Each structure stands twice: as C-alpha cells, then as structure tokens.
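See structure below.
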Amino acid sequence: MKKYCRFYELQKTGSNILGEINFSLTRDDQKEVVQYMVINVREEFNPERKWKALTEFFEFSKGLNHPSILPYEIWGGCRDGKYIATRCREFYTLTATLQNLKKRNLPFSFDIPIQTVIQILSGLQYLNSFQYKGMPVYHNLLSPDEIMIGLDGVVYILNYGVLQVVYDVDRKLARDLIMERATFLAPELVEKIKPSPKADVYSVGALLFFLLTGKHFSPEKDPDAQVSRTPMLVEYEGSREIPEGLRKILKKALAPEGERYKNVDILRSVLEEFITEEDITPTTFNLAYYMNNLFHDETLERQKLVKRESEKIPVEIVEEPVEVEATYPEEEEKKKGFPVIPAIAALAMVLLGIIIFLILSKPAAKPAISQEELERRINMLVEAKMKEKEAQLRKEYEERYGKLTQQQQEEFQKKLQEERQRMLQAARIELLTQLKRRQNQAPSAPAKTEAPGTTPVTQTAQTEQKTETGTTEAPAVETKRTGEVSQTVTQSSGPQQPQTQETQPPKTQETKPVQPPVQQKPVPVKKEPQVIPGSIVPINELDLPLAIIKKVPPRMPAKARRLRIKGSVMASILINEKGDVVQVRIIRGTPRGYFEDEARKTLMKWKFTPPRKKGVGVKVWKVITIRFQ
C-alpha cells in the first residue's frame, strides 16, 4: 500500500478532469477503517487562487441533496500534494464499465442506456435549479470519466460546476480541460469556452449515442447519416437500427447550437414521452442486476483486499500540513541562548503566589439573579448571535436561489424564526443551569483551628434524613476537640426532641494559618430538572405514547406510477406541542429519487396527540416509514 496524505491507496480506478482516482482506506475519528474514493489533484489546480475557488464551490455543493449528485466530503493537502475525497460506495466509472463490457462481451438490454441517461438528466435538472455566484450550475465537461454507476443501479455525476469555477480564475486551464474531453463536448465550447445549458444537452446526446452504438458521434460528419445508419450494440424488436422516435431525439440533441433543445428539462421530457409510447420500463433494478453481474469478480476481489489490508493500517494517522513554517538561523540562535534557569525561577514564584492566594482568599457569595435579569441576558445573548446567523442564512439562500421569490422569502423567515426559538431555548437552559449551580454552592461555616503542633482527626457519621417534603437534609454536627483528637458527634442519630435553648453563634479563635482548615463538603441535594415548555425530549419520556389523530395516505408519484415502481421512505418527523408535524427529515428512500418529495408533503399533513412530559407541552422526534404500493 502506498500512503498519500492520510489515505492508503489500494487500487487505481481511473482518472477524471481533477486528477487520478484511487480506491483508498483510512481511519475515522472512531479509529474504524473506512473506504474512500480519493482524487490526487493534478498540479494545475495547486495554485492557491484556483484551489480556494474550487474548495469554496465544494463547500457550496455539500448543501445539494439528490440521488445522482455525488458531492465531495473532505479535501486538503500534505507534502504529497492536494486531495479530494468522498466515502466510497460500491461504484465504478462509466469508462471502466464500458471497458469491462468489451472485455467480457456481456450483452445488455436496450433499456440500460436509457435508464443511465434518464438518471443523468435528473441530476443535471437538479443542478440547474441552483445558482452559484448568480449563475445556474452546469456541468459542460460531461464524459464517461465524470459518471459513476453503483452496484445498486444508481448513476452519480462528478465534477459538476468545475468548468464555471475554473473559467472565472484561469481561462487557459478552462480551454485545456475542454480540449481533453472534446469527444463528448459541444463544438461551441471549443470556440467560446463559456458555460451554457445547451452544452449539457449535446453531451447527454453524445453519451446516449455512444452507449447505444459503441461509436463516438462526430459533429464534422453528417448528423442524420450517423444517427440513421450506425447500428446499435443490441437488438430492439428484432432490429439493430435506432428506433425512429429515438433517432429524432438524438438528432435534435446533437444538432448545432441554434437548433438544439434549449435545456436538459426539455430533453428529459421528450425522452420520457418516447419511453411511455414504446412501453419501455427502465428501472434501477435492471441496471443494478447488470452491474452486479458485470463486476462480480472485481467486487469480491476488492472485498478480500480491504479485509487483508485493513489490519496493516496504523491506529493513528496524523495528516501533515500543506505548508511548513521556515526557521531561520537567527531564530535558532535566539532559541539556543534562551535563559532557562531564570525562567524556571520566575515560574516557580508565580505558582507560589497563586497557591498562597488560594489558601488565604475566601470565596464571596454571589448575589442571586432575578428573573428580569435572566431574561435580559438571554435576549442579549440570542440577539447578538441571531444577527450573524441571519446574515449567514440569507447568504446561503441567495447563493442557492439568487433573487428570492415571495414563497422563498416566507420560507426564509420561517427558518429564521425556528432558529431564534432554538437559540432562546438553548440560552435559557444554559443560564438556568448556571443559576442553579450557583445557588447550590452555599458558603461553608468558618472552622476552628487548633494550636500549632496538634493534628486534628475527624470522624463523621454520615446519615441522611428525609423530611416530609421529600428533600434530603444534611444532619447537624457538633464537633468536640480534646487534646490531639477531634471527634464529630452526629445529633441526628435517634429521635430528636424539640430544643428550647437558644444556640449561640460559634466563636472563632484568631490564629495565624499554619495549614488549610478541613472543610466538610455539603451533602448534594438531587433535584429533578424542570421541563421547559417547547423543549425537545426523547419520545420514551412522554407521559403517554403518541397516537395518530389525522393520517393522510400518500399519493403514488406520476413518474413511479408510469414506470410501475414500488418503494418506501423512512423519515424522522418533528412533532410540536400541538401535535402538528413541523419538520420532516428524509433518512432513506428506496429506490432513491422517486418517493421522497411526496412522503415529505404527506407527513406534513399528519397530526398526533399533543406530546406531554409531566403535563408540560414538549416537542419530540419520531421515525415513520411510508410505503408506496
């Protein structure tokens, strides 16, 4: 295994526009071995300006959530170079898939290229709906090297938006990237270099033509002749000719810029119409079955390799910094001539002064905080943080959507209000905790000191007595000192009689402190925390189990109904004090990309019995699974 920064490389799986792709291992924070797809970034991206622009876009892409969009999770550098990495799923590049297909001569059905392209179009549509620095996100460098296909039948898109980022900082590098992938790129990109939505339409058309025929489309030759006369790799309805409906789509997608489909939305729409008319049912299951057959041996070999090499990885992996601070000879001389002994002496004097101060000082009782002062501090703390949070949220929304619509403004204000309530709750809990801790720290009574030369020995009978109100009181103690022995007699042993004599406060004997007095620790009083209205509590702490009052059945999405797909969605929902669902987090959708939106809309209409803890209204998270049959 070769080490590259924090990763141990096992296999080289290909390369893309950013660099060499390696299947690697490393250890996470829990010291567990995890698999990563690591890209050793090529030197052209190493200059600080380009690297900063790339990492800013990668940070933006972390907020994207789509089955076919694969964001990079971590990036960094070391003396070996820079890297970009994401948790490794069982997937292979489209280039490797096609090479293995040619090697094994394993036939596939006509729907597999269609299913692959449909998922790519779905991801590109999702990207186009977001804006980065005022411009929709395009790919424009699409090729088999930027496409990954998983053993679960899901197609992933890599390196979207890279051309837009590079175009702003280095036009020459942008041109070089285009020329490297010119086979699948729109002809106008070579001339203009400027990103555009129609360029993605051409790349998808070129990919579909290549998957169907195994031949590269050439814009210099007659488009009609290429699409009409090039035979497919597999037969469809007894013929190797591309079906007439699909030929029209390919010609339009691969036409010159002025005659081409305007965007990927239109291309996906006409492609799905063709699927419906031809009664083709491309599913991820068919693609998953094919990928598992195609890469069965490679997957088993990779699993054996991971198991064998995992034991060789050290428990702790420390990543080396990218930049190493230089040390000059003058600084080395200064370090050598540093006066060590005087420094140690000065440090000892400081420590001695701190010890004497701690022995002689008496802690002053802190005044109690009123309710008005508590609320004032909470509001000051939250308002200070909310200004920064509001600016951050507004920046995220504007980068994602550009100019906000009325609906997006309402969504932004709603999210801002939820964040304010969360901060208020957290600040109130924190300040109340500090207040209770301060109140429980009662000052201890001054202790008597013995004359020098005596050694006090204290024996304490620790007993607890419960009062009628259920609290625990520490027993009163009386200390008798005789000669060299000090004994403590507990007055709470046995039944107590009412006392009629008035007790005098103890007189303290002023003596010079020779050694710190022995202080008795107060017996802690355990108090149950109060339930704060509106706080989030575990569901098992409710007074009564939750019951569904209103259950709206989910609707089968049109796309899933047309493709006859069944599945389920697991989600975590937040239920407020009134029993309404106020937030839905999707945990898993099976298959992904079909039912998540409908499940979210359905769950927001459900209603439960109001959750209560000790009679106080609270919020809870609950996991729900919805099935689409």
Side-chain angles (χ1 to χ4, degrees), residues 4-5 7 9-24 35-46 50-51 53-55 57-58 61 64 66 68-77 80-100 116-117 119-120 123-124 127 137-150 154-167 169-170 173-186 189-190 193 195 199-200 202-204 206-207 210-211 216 291 295 298:
Y4 185 87
C5 294
F7 303 97
E9 299 174 351
L10 294 185
Q11 287 179 336
K12 179 181 176 181
T13 58
S15 63
N16 58 30
I17 56 175
L18 293 180
E20 182 182 283
I21 305 174
N22 287 281
F23 174 68
S24 307
Q35 305 173 25
Y36 271 90
M37 183 194 75
V38 182
I39 298 178
N40 302 351
V41 180
R42 49 198 281 186
E43 293 182 357
E44 290 90 331
F45 294 100
N46 281 347
K50 301 174 191 175
W51 180 247
L54 271 181
T55 54
F57 180 78
F58 293 154
S61 67
L64 304 180
H66 188 275
S68 293
I69 299 302
L70 186 64
Y72 293 117
E73 299 174 5
I74 56 175
W75 48 84
D80 298 329
K82 290 184 171 64
Y83 66 84
I84 309 167
T86 188
R87 284 288 183 100
C88 190
R89 303 163 178 86
E90 289 293 338
F91 46 41
Y92 298 86
T93 63
L94 182 55
T95 301
T97 303
L98 296 173
Q99 290 173 351
N100 208 14
T116 303
V117 169
Q119 292 192 55
I120 293 173
L124 292 175
L127 288 174
V137 180
Y138 305 124
H139 197 297
N140 288 178
L141 291 175
L142 206 60
S143 73
D145 291 334
E146 319 307 322
I147 304 296
M148 309 287 285
I149 304 181
V154 178
V155 180
Y156 302 95
I157 305 174
L158 292 176
N159 301 331
Y160 44 85
V162 170
L163 182 62
Q164 291 173 248
V165 175
V166 175
Y167 179 81
V169 295
D170 190 341
L173 178 57
R175 177 178 289 278
D176 292 342
L177 295 177
I178 290 172
M179 297 307 297
E180 290 176 9
R181 300 293 188 273
T183 305
F184 293 93
L185 303 190
L189 272 179
V190 181
I193 316 178
D200 280 338
Y202 181 93
S203 296
V204 173
L207 272 172
F210 183 65
L211 291 173
H216 292 292
M291 289 295 294
F295 288 97
E298 287 83 351

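It should be emphasised that the depicted structure is a prediction, and the values quoted were computed from it without experimental measurement. All residue numbers refer to positions in the sequence shown, counting from 1. Reckoned from all heavy atoms, side chains included, excluding hydrogens, waters and symmetry mates.
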Completion exercise
NE2 (His216) and CG (Leu207) are apart, to the nearest 0.5 Å, by 10.0 Å
Handout entry: side-chain contact (heavy atoms from CB on, under 4.5 Å) partners of Ser68, counting only residues at least two apart
Key = His66, Gln119
Fill in the blank from the handout: Heavy-atom nearest pair, Gly81 first then Cys5, reads O-SG, 3.6 Å
Exercise for the section: Please tell me if the side chains of Pro195 and Tyr167 come closer than 4.5 Å, counting only heavy atoms from C-beta onward. Expected result: yes
Exercise for the section: Determine the interplanar angle of the Phe7 and Tyr83 rings, folded into 0 to 90°, and report it as parallel if under 30°, tilted if 30 to 60°, perpendicular if over 60°. Expected result: perpendicular
Handout entry: Student check: side-chain heavy atoms of Ile120 and Leu142 closer than 4.5 Å
Key = yes
Handout entry: Distance (rounded to the nearest 0.5 Å) between Ile17 CD1 and Glu146 CD
Key = 4.5 Å
Fill in the blank from the handout: Separation between CG (Leu173) and CZ (Arg42), nearest 0.5 Å, reads 6.5 Å
Problem - Minimal non-hydrogen separation, Gly150 against Met291, with atom names - result: O-CG, 3.9 Å
Handout entry: Side-chain (Asp200) to main-chain (His139) donor-acceptor, under 3.5 angstrom
Key = yes
Practice task
With rounding to the nearest 0.5 Å, note down the distance linking OG1 in Thr13 to CD1 in Ile39.
Solution key: 9.0 Å
Completion exercise
Val169 and Lys50 have their tightest heavy-atom pair at CG2-CG, 4.1 Å
Problem - Donor-acceptor side-chain pairing of Tyr72 and Asn159 below 3.5 angstrom - result: yes
Exercise for the section: Provide the closest heavy-atom pair for Phe184 versus Ser203 in the form atom of the first, atom of the second, distance. Expected result: O-OG, 2.9 Å
Practice task
Identify the heavy atoms of Leu211 and Val117 that sit nearest to each other, and give their distance.
Solution key: CD1-CG2, 4.4 Å
Exercise for the section: May I ask you to test the Leu10-Asn22 pair for a side-chain heavy-atom distance under 4.5 Å? Expected result: no
Problem - Any side-chain heavy-atom pair of Asp176 and Glu44 under 4.5 Å - result: no
Handout entry: Distance, nearest 0.5 Å, that separates CG of Asp170 from CZ of Arg175
Key = 12.0 Å
Problem - Leu185 and Asn140: CA distance, side-chain angles, deciding distance, side chain to side chain contact (heavy atoms under 4.5 Å, CB included) verdict - result: CA-CA 7 Å; Leu185 303 190; Asn140 288 178; over 6 Å; no
Exercise for the section: Let me see the working for Phe45 and Val166 under side chain to side chain contact (heavy atoms under 4.5 Å, CB included), right down to the final yes or no. Expected result: CA-CA 9 Å; Phe45 294 100; Val166 175; 3.7 Å; yes
Practice task
Return the orientation label for the Tyr92 and Phe295 ring planes: parallel under 30°, perpendicular over 60°, tilted otherwise.
Solution key: parallel
Handout entry: Smallest separation among heavy atoms of Gly76 and Trp51, with atom names
Key = O-CZ2, 3.7 Å
Practice task
Go through the steps to decide whether Thr93 and Ile147 satisfy the test side chain to side chain contact (heavy atoms under 4.5 Å, CB included), and finish with yes or no.
Solution key: CA-CA 6 Å; Thr93 63; Ile147 304 296; over 6 Å; no
Handout entry: Verdict with supporting geometry, Leu64 and Leu127, side chain to side chain contact (heavy atoms under 4.5 Å, CB included)
Key = CA-CA 8 Å; Leu64 304 180; Leu127 288 174; 3.8 Å; yes
Problem - side chain to side chain donor-acceptor pair (under 3.5 Å) partners of Tyr36, counting only residues at least two apart - result: Arg87
Exercise for the section: Answer yes or no: is there a side-chain heavy-atom contact under 4.5 Å between Tyr156 and Pro71? Expected result: no
Problem - Spacing of CH2 belonging to Trp75 relative to OG1 belonging to Thr86, to within rounding of 0.5 Å - result: 10.0 Å
